[in-house]
Enquirer: 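Can you read through this structure? Questions will come right after.
Just so it is clear: chains get the letters A, B, ... in the order the sequence lines come, proteins before strands, and each one is counted from 1. All of these numbers come straight from a predicted model, not from anything done at the bench.
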Amino acid sequence: MPATSIDIPLQAYLVLAAILFCTGVWGLINSRNAVRVLMSIELMLNAVNINLMAFSSYIDGQQIRGQVFAIFVITVAAAEAAVGLAILLSLYRNRETVDMERFNLLRW
Amino acid sequence: MTIASVTQLVCFIALSLTLVLGSLGVVLLPNIVYSAFLLAGVFLSVAGLYLLLNASFIAAAQVLVYVGAVNVLILFAIMLVNKKEAMAEIPGLLLRRVLSGVVCLGLFLLILRVDLTTPWAVPGPTPLGDDSTVLIGIHLFSDYLLPFELASVLLLMAMIGAIVLARRDVFSSDVITGEAADQGLIEKERTPLLLESTAGETNLLEKV
């Protein structure tokens, strides 16, 4: 029944995850809206999850430790999103803006 | 090629296209509300990829946690900070974008080279298929028990931290009598930090 390993090569998933990760990195660097920065972080976490799941299915098919790791990554991503958006709200209340270029208090 | 494998291939290509185009849209679209909804599409297509990889439980968790919780949270954040502001022009922004694009492209080529030249140990053992949910449960309650409990503690900490960070600065006094109300634990009186002028401060006070 599980004929996945034969039809679609493992590399297809890895390349897809690489594209997603690099898009996330570019968005993280270049976004000026703070909410979009958080979205880019979520994209990168999803790329990592795709890698974990692909390896878990193709190489570790009997133990699926990658799937357990993916659960922990999802948990941490949910916690990160909650705290990140709370920080964003607090920052917006203090600075009245979401422009990343204006959060430069710690710039040297 | 059987019908099943052709279906798999078509599903994979469709999901990949949705994923790549959606992620580009998330990063590039000027309207952030469109970005948020495209992000939901990206999460759903990732869940579809998980289904192709014989992981139905993680696909369900992906839909519930990402689409149901994280994306809604992001939409709420957009709603709460949706002041239309004209972002000030910054010199050299285009150069910065092109340079970071080149860096990201280099990173992508590096990962691509590693992906394609490493001799992966495929085909490994046959995937479990639908039994994977049972095995995840066994893992979570035997050899991954400590990380599982730590994850619950982490979620509790994140919940309390989010409440503490995002609570509103309300003066804790009774509306009718004007006496100080005992709400120090949930609402704290604070002076706003980092305001550049005192005008903004009085403005904030009036609002409250």
Enquirer: So, using side-chain contact (heavy atoms from CB on, under 4.5 Å) as the criterion, who are the partners of B/Leu15 when residues are at least two apart?
Expert: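 With sequence neighbours excluded, B/Leu15 shows a side-chain contact (heavy atoms from CB on, under 4.5 Å) to B/Ser45, B/Leu49, B/Leu52, given in chain and number order.
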Enquirer: Mind checking the CG-CG spacing from B/Asp115 to A/Asn51? Nearest 0.5 Å is all I need.
Expert: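 Nearest 0.5 Å value for the CG-CG distance: 7.0 Å.
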Enquirer: Please identify which of these residues, B/Val70, B/Leu80, B/Ile74, meets the side-chain contact (heavy atoms from CB on, under 4.5 Å) condition with A/Leu85.
Expert: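 So, applying the side-chain contact (heavy atoms from CB on, under 4.5 Å) to A/Leu85 and each of B/Val70, B/Leu80, B/Ile74, only B/Ile74 qualifies.
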Enquirer: Going from SG on B/Cys104 to CZ on A/Phe21, what distance comes out if it is rounded to the nearest 0.5 angstrom?
Expert: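 Going from the SG atom of B/Cys104 to the CZ atom of A/Phe21 covers 9.0 Å.
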Enquirer: If every non-hydrogen atom of B/Trp120 is compared with every non-hydrogen atom of A/Gln11, which pair is closest and at what distance?
Expert: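 Answer, listing the atom of B/Trp120 first, then A/Gln11: CD1-NE2, 3.4 Å.
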Enquirer: Provide the closest heavy-atom pair for A/Ser57 versus B/Leu53 in the form atom of the first, atom of the second, distance.
Expert: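 Closest approach of A/Ser57 to B/Leu53: OG-O, 3.4 Å.
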Enquirer: With a 4.5 angstrom heavy-atom cut-off, which part of A/Glu80 approaches chain B: side chain, backbone, both or neither?
Expert: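 Neither part; nothing is under 4.5 Å.
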Enquirer: Using heavy-atom distances under 4.5 Å, tell me whether A/Ile19 contacts chain B through its side chain, its backbone, both, or neither.
Expert: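 Contact with chain B: backbone and side chain both.
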Enquirer: Please flag which part of B/Leu107 lies under 4.5 Å from any non-hydrogen atom of chain A: side chain, backbone, both or neither.
Expert: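 Its backbone and side chain both get close to chain A.
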Enquirer: Would you mind telling me which of B/Ser132, B/Ala121, B/Gly22, B/Ala61 has the largest number of heavy-atom pairs within less than 4.5 Å of chain A?
Expert: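 So the answer, after comparing B/Ser132, B/Ala121, B/Gly22, B/Ala61, is B/Ser132.
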Enquirer: Working to the nearest 0.5 angstrom, can you tell me the gap between B/Phe57 CZ and A/Ile71 CD1?
Expert: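 Those atoms lie 4.5 Å apart.
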Enquirer: Could you go through the side-chain contact (heavy atoms from CB on, under 4.5 Å) check for A/Asn33 and B/Val81 one step at a time?
Expert: CA-CA 10 Å; A/Asn33 195 325; B/Val81 298; 5.7 Å; no
Enquirer: To the nearest 0.5 Å, tell me how far B/Ser23 OG sits from A/Glu42 CD.
Expert: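 One gets 14.0 Å once the value is rounded to the nearest 0.5 Å.
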Enquirer: Once you round to the nearest 0.5 Å, how far does OG1 of A/Thr75 lie from CG of B/Leu155?
Expert: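 One finds 6.0 Å between OG1 of A/Thr75 and CG of B/Leu155.
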Enquirer: Under 4.5 Å, counting heavy-atom pairs only, tell me which of B/Leu135, B/Ile111, B/Val65 racks up the most with chain A.
Expert: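 The candidate making the most pairs under 4.5 Å is B/Leu135.
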Enquirer: Taking B/Ala55, B/Ala4, B/Ser152 one by one, which has the highest count of heavy-atom pairs under 4.5 Å against chain A?
Expert: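 Option with the greatest count: B/Ala55.
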Enquirer: Need one label for B/Ala151: side chain, backbone, both or neither, based on atoms under 4.5 Å from any heavy atom in chain A.
Expert: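 Both parts, heavy atoms under 4.5 Å.
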Enquirer: Taking every non-hydrogen pair under 4.5 Å, which of A/Leu88, A/Ile50, A/Val25 racks up the most with chain B?
Expert: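 Top count of heavy-atom pairs under 4.5 Å with chain B: A/Ile50.
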Enquirer: Check whether any side-chain heavy atom of B/Leu39 sits under 4.5 Å from a side-chain heavy atom of A/Leu43, and report yes or no.
Expert: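 Yes, their side chains come closer than 4.5 Å.
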Enquirer: Could you check A/Val68 against B/Phe148 for side-chain contact (heavy atoms from CB on, under 4.5 Å), going step by step and ending with a plain yes or no?
Expert: CA-CA 10 Å; A/Val68 185; B/Phe148 183 63; over 6 Å; no
Enquirer: Over 60° means perpendicular and under 30° means parallel, so classify the ring planes of A/Phe72 and B/Tyr144, tilted if in between.
Expert: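 If you compare the ring of B/Tyr144 with that of A/Phe72, the planes turn out tilted.
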Enquirer: Sort out for me which residue in B/Val27, B/Val26, B/Leu28 forms a side-chain contact (heavy atoms from CB on, under 4.5 Å) with A/Thr23.
Expert: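 Among B/Val27, B/Val26, B/Leu28, the one that satisfies the side-chain contact (heavy atoms from CB on, under 4.5 Å) with A/Thr23 is B/Val27.
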Enquirer: So, do B/Ile90 and A/Arg32 sit near enough that their side-chain heavy atoms are less than 4.5 Å apart?
Expert: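 Contact flag for B/Ile90/A/Arg32 side chains = yes.
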Enquirer: Using non-hydrogen atoms only, which part of A/Thr97 is less than 4.5 Å away from chain B: side chain, backbone, both, or neither?
Expert: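 Both the backbone and the side chain of A/Thr97 come within 4.5 Å of chain B.
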Enquirer: Are more than 12 heavy atoms, taken from residues, nucleotides or ligands other than B/Tyr34, located less than 6.0 Å from that residue's OH atom?
Expert: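 Not buried by this count: 12 neighbours or fewer within 6.0 Å.
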Enquirer: A/Ile29 and B/Ser100: which non-hydrogen atoms are nearest, and at how many Å?
Expert: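 Where A/Ile29 meets B/Ser100 most closely, the heavy atoms are CG2-CB, 4.0 Å.
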Enquirer: Using non-hydrogen atoms only, which part of B/Phe76 is less than 4.5 Å away from chain A: side chain, backbone, both, or neither?
Expert: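 No part of B/Phe76 comes within 4.5 Å of chain A.
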Enquirer: One pair to check against side-chain contact (heavy atoms from CB on, under 4.5 Å): A/Met39 and B/Ile78. What are the steps and the verdict?
Expert: CA-CA 11 Å; A/Met39 290 191 209; B/Ile78 292 172; 4.1 Å; yes
Enquirer: Please check if atom OH in A/Tyr92 has more than 12 non-hydrogen atoms from other residues, nucleotides or ligands closer than 6.0 Å.
Expert: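 For A/Tyr92, atom OH is crowded (more than 12 foreign heavy atoms under 6.0 Å).
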Enquirer: Picking from B/Ile160, B/Val164, B/Leu165, what satisfies side-chain contact (heavy atoms from CB on, under 4.5 Å) with A/Val83?
Expert: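 Answer to the side-chain contact (heavy atoms from CB on, under 4.5 Å) test with A/Val83 among B/Ile160, B/Val164, B/Leu165: B/Leu165.
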Enquirer: Are any side-chain N or O atoms of A/Gln62 and backbone N or O atoms of B/Thr126, one a donor and one an acceptor, separated by less than 3.5 Å?
Expert: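 Yes; at least one donor-acceptor contact below 3.5 Å.
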Enquirer: Given side chains that start at C-beta, do those of A/Asn49 and B/Tyr50 come closer than 4.5 Å, heavy atoms only?
Expert: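 A/Asn49 vs B/Tyr50: side chains touch.
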Enquirer: Report the residues that fulfil side-chain hydrogen bond (donor to acceptor under 3.5 Å, both in side chains) with A/Asn46, sequence neighbours left out, ordered by chain and then residue number.
Expert: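 Per chain and number, A/Asn46 pairs via side-chain hydrogen bond (donor to acceptor under 3.5 Å, both in side chains) with B/Gln62.
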Enquirer: Counting N and O atoms only, with roles assigned by atom type, does the side chain of A/Arg65 sit under 3.5 Å from a partner on the main chain of B/His139, one being a donor and the other an acceptor?
Expert: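 Checked: no pair found.
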Enquirer: For A/Ala12, is it the side chain, the backbone, both or neither that has a heavy atom under 4.5 Å from a heavy atom of chain B?
Expert: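 Both parts, backbone and side chain.
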Enquirer: Nearest 0.5 Å, please: how far is CG in B/Leu19 from CG in A/Leu20?
Expert: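 If we round to the nearest 0.5 Å, A/Leu20:CG and B/Leu19:CG are 5.0 Å apart.
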Enquirer: Which heavy atom in A/Ala86 sits nearest to a heavy atom in B/Ala166, and how many Å separate them?
Expert: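 Heavy atoms of A/Ala86 and B/Ala166 come nearest at CB-CB, 3.9 Å.
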Enquirer: Given a strict heavy-atom distance threshold of 4.5 Å, which part of B/Leu24 is in contact with chain A: side chain, backbone, both, or neither?
Expert: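 Both parts, backbone and side chain.
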Enquirer: Got a sec: does the CZ of A/Phe69 have more than 12 other heavy atoms crowding it under 6.0 Å?
Expert: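 Atom CZ in A/Phe69 is not crowded, with 12 or fewer foreign heavy atoms closer than 6.0 Å.
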